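Below, all heavy atoms of this structure are taken into account, side chains as well, without hydrogens, waters or symmetry copies. Every value quoted in this text rests on a predicted model; they were computed, and no experiment measured them.
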Amino acid sequence: MKNKKSRIKNLFTTIYEEFLNTLKKPRRILDILNKDSIHKYFYNLKSKLKFGDPWIYCSPNKTFRKRVYSTPEDYIKHQKSKQGRIDLSDYDLRYREVLRKRLENLDLLKQGMNALCLGARIGTEVKSFLDLGCFAIGIDLSPGENNRYVVYGDFHETQFSSNSIDIVFTNSLDHVLDIKNLINEIKRLLKPNGLLIIEAVIGSDEGRFPSFYESFWWSRVDDLVSLFENSQFILIKRSSFDYPWDGEQLCFKKS
């Protein structure tokens, strides 16, 4: 009964929000003429009603928020639902080159190092590490069919051996279900003095807010730095970038 009332409340909330968004952006009405747009609109609306859109603070000082799911299975379904809804062809070409240059500028990678990319989607970041002479593989809930670069798996609990990875890379912290579990898993995977490279989007206090597929969010990138420093990581390099979104690259060493 409680779940039914929650779904009804969520339905009316969603309809009201969509009405307000249309008032703010009347051009949305023109999207009705576009079959692809209307299909995407109703798909997102259906998904929002199914998975909900509630966010709660998950830190005492309200620097972090997370999306609430009824079950872990709903989280997995939600993240998998992104597959096939976005075109990554241009991203695959451009981000591969941009990231390769950023990694090269770190001057920390050596040929033959192994790298694990968390939440790697189609494997663009894996290719960047391969271009620099690393042995690299990605893990994702939706790697797609016949993906040479990414294997299926949950980055909260991977299938790889402890103390076996030179470099863990991710630009998907905003898709985490349980940040503490993820941090513990990264610590387990990395060799002593191993590298953790994070590319993080700017937070809500810095002008960006989560969209439909995000599940974890922060107020400022500084909050992420503090979180990992308090989890036995040492920040050794930090730089800003503006592609594929405004954010920062954070390079930590496992202490």
- prompt: Are side-chain N/O atoms of His78 and Tyr69 paired as donor and acceptor at under 3.5 Å?
  reply: yes

message: Between Arg67 and Asp174, does any side-chain N to carboxylate O distance fall below 4.0 Å?
response: no

field: Linked, directly or transitively: Tyr75 and Trp55 (ILVMFWY side chains, under 4.5 Å)
entry: yes

message: Whether the Glu185 and His156 side chains hold a donor-acceptor pair (N or O, under 3.5 Å, no angle test) is what I'd like checked.
response: no

Lys191: salt bridge (Lys or Arg N to Asp or Glu O under 4.0 Å) partners, not counting sequence neighbours: Asp166

- line: Here the pair of heavy atoms bringing Asp92 nearest to Thr124 is OD1-OG1, 2.6 Å

- prompt: Taking all non-hydrogen atoms of both residues, which atom of Cys134 and which atom of Leu109 are closest, and how far apart?
  reply: SG-CD2, 4.0 Å

message: Is any side-chain heavy atom of Ile179 closer than 4.5 Å to one of Ile183?
response: yes

Candidate pair Arg121 and Asn171, rule side-chain hydrogen bond (donor to acceptor under 3.5 Å, both in side chains), full reasoning: CA-CA 11 Å; Arg121 292 171 293 273; Asn171 60 6; 2.9 Å; yes

message: Assess, by modelled atom type and distance only, whether the side chains of Gln232 and Lys254 contain a donor and an acceptor separated by less than 3.5 Å.
response: no

Reported OG1-to-CG distance for the pair Thr63 and Leu224, which is rounded to 0.5 angstrom: 9.0 Å

query: Would you find a donor on one side and an acceptor on the other, under 3.5 Å apart, between the side chain of Thr71 and the backbone of Asp74?
result: yes

field: Steps toward side-chain contact (heavy atoms from CB on, under 4.5 Å) verdict (Phe233, Leu190)
entry: CA-CA 11 Å; Phe233 286 93; Leu190 280 174; 3.9 Å; yes

query: So, Arg208 and Asp246, do they make that salt bridge, N to O below 4.0 Å?
result: no

query: Do NZ/NE/NH1/NH2 and the carboxylate oxygens of Arg102 and Glu199 come within less than 4.0 Å?
result: yes

- prompt: Of all residues at least two apart in sequence or in a different chain, which pass the salt bridge (Lys or Arg N to Asp or Glu O under 4.0 Å) check with Lys237?
  reply: none

- request: Quick one: closest heavy-atom pair of Ser204 and Trp217, and the distance?
  value: N-NE1, 3.5 Å

message: Using the rule given for side-chain contact (heavy atoms from CB on, under 4.5 Å), can you reason through Glu104 versus Leu132, listing the C-alpha separation, both sets of side-chain angles and the distance that settles it, and then say yes or no?
response: CA-CA 8 Å; Glu104 196 171 34; Leu132 294 173; 4.3 Å; yes

Same apolar cluster (I L V M F W Y, side chains within < 4.5 Å links), Val168/Val225: yes

message: Closer than 3.5 angstrom, by distance alone: can the side chain of Asp223 be matched with the main-chain N or O of Arg220 as a donor-acceptor pair?
response: yes

- request: Could you state whether Tyr149 and Ile137 fall into the same hydrophobic cluster, counting links through intermediate Ile, Leu, Val, Met, Phe, Trp or Tyr residues with side-chain heavy atoms under 4.5 angstrom apart?
  value: no

- line: Leu235 and Cys251 have their tightest heavy-atom pair at CD1-O, 3.5 Å

message: Can you confirm whether the side chains of Glu125 and Ser128 place a donor and an acceptor under 3.5 Å from each other?
response: no

message: Would you say that more than 12 heavy atoms from the other residues, nucleotides or ligands in this model lie under 6.0 Å from the CD of Gln159, or not?
response: yes

field: Heavy-atom closest pair, residues Ser172 and Gly119
entry: OG-O, 3.0 Å

task: Would you please say whether a donor-acceptor pair under 3.5 Å links the side chains of Ser162 and Arg188?
output: yes

query: Is there side-chain contact between Val176 and Phe155, with at least one heavy-atom pair below 4.5 Å?
result: yes

message: Which residues pass the side-chain hydrogen bond (donor to acceptor under 3.5 Å, both in side chains) test with Lys66, not counting sequence neighbours?
response: none

query: Do Leu173 and Ile198 touch side chain to side chain, with heavy atoms closer than 4.5 Å?
result: yes

- line: The reported gap from CG in Leu250 to OG in Ser239 (rounded to nearest 0.5 angstrom) is 8.0 Å

message: Side chains of Asp140 and Ser142: any donor to acceptor distance under 3.5 Å?
response: no

- request: Measure the CD-CZ distance between Glu97 and Arg100 for me, rounded to the nearest 0.5 Å.
  value: 4.5 Å

- prompt: Is any side-chain heavy atom of Ser215 closer than 4.5 Å to a side-chain heavy atom of Gln79?
  reply: yes

Approximate separation, where rounding is to 0.5 Å, of Arg65 CZ and Cys58 SG: 9.5 Å

task: Would you check if Leu141 and Asp154 make a side-chain contact, meaning some heavy-atom pair closer than 4.5 Å?
output: yes

query: Trp245 vs Phe241 aromatic rings, parallel, tilted or perpendicular, using cut-offs 30° and 60°?
result: tilted

field: ILVMFWY cluster, Val151 and Leu189 together (side-chain gap under 4.5 Å)
entry: yes

- prompt: Of all heavy-atom pairs between Tyr95 and Phe169, which one has the smallest distance, and what is that distance?
  reply: OH-CZ, 3.6 Å

- request: Kindly determine whether Trp218 and Leu227 satisfy side-chain contact (heavy atoms from CB on, under 4.5 Å), including the steps that lead there.
  value: CA-CA 10 Å; Trp218 42 90; Leu227 177 65; over 6 Å; no

Inter-residue atom distance Phe216.CZ - Leu182.CG, 0.5 Å rounding: 9.0 Å

message: For Phe64 together with Tyr57, are the ring centres under 6.0 Å from each other?
response: no

query: Taking C-beta and beyond as the side chain, do Arg238 and Glu248 meet within less than 4.5 Å on heavy atoms?
result: yes

task: Report whether Leu108 and Ile197 are members of the same hydrophobic cluster (ILVMFWY, side-chain heavy atoms less than 4.5 Å apart, transitive linking).
output: yes

message: Please report the interatomic distance CG(Asn193) to CD1(Ile236), rounded to the nearest 0.5 Å.
response: 9.5 Å

- prompt: Does any non-hydrogen side-chain atom of Met113 lie less than 4.5 Å from one of Phe129?
  reply: no

message: For Ser226 and Glu229: C-alpha separation, side-chain torsions, deciding distance, then whether side-chain hydrogen bond (donor to acceptor under 3.5 Å, both in side chains) applies.
response: CA-CA 5 Å; Ser226 297; Glu229 286 182 330; 4.9 Å; no

- prompt: Just wondering, more than 12 heavy atoms not from Asn61 lying within 6.0 Å of its CG?
  reply: yes

- prompt: Taking C-beta and beyond as the side chain, do Leu195 and Phe252 meet within less than 4.5 Å on heavy atoms?
  reply: no

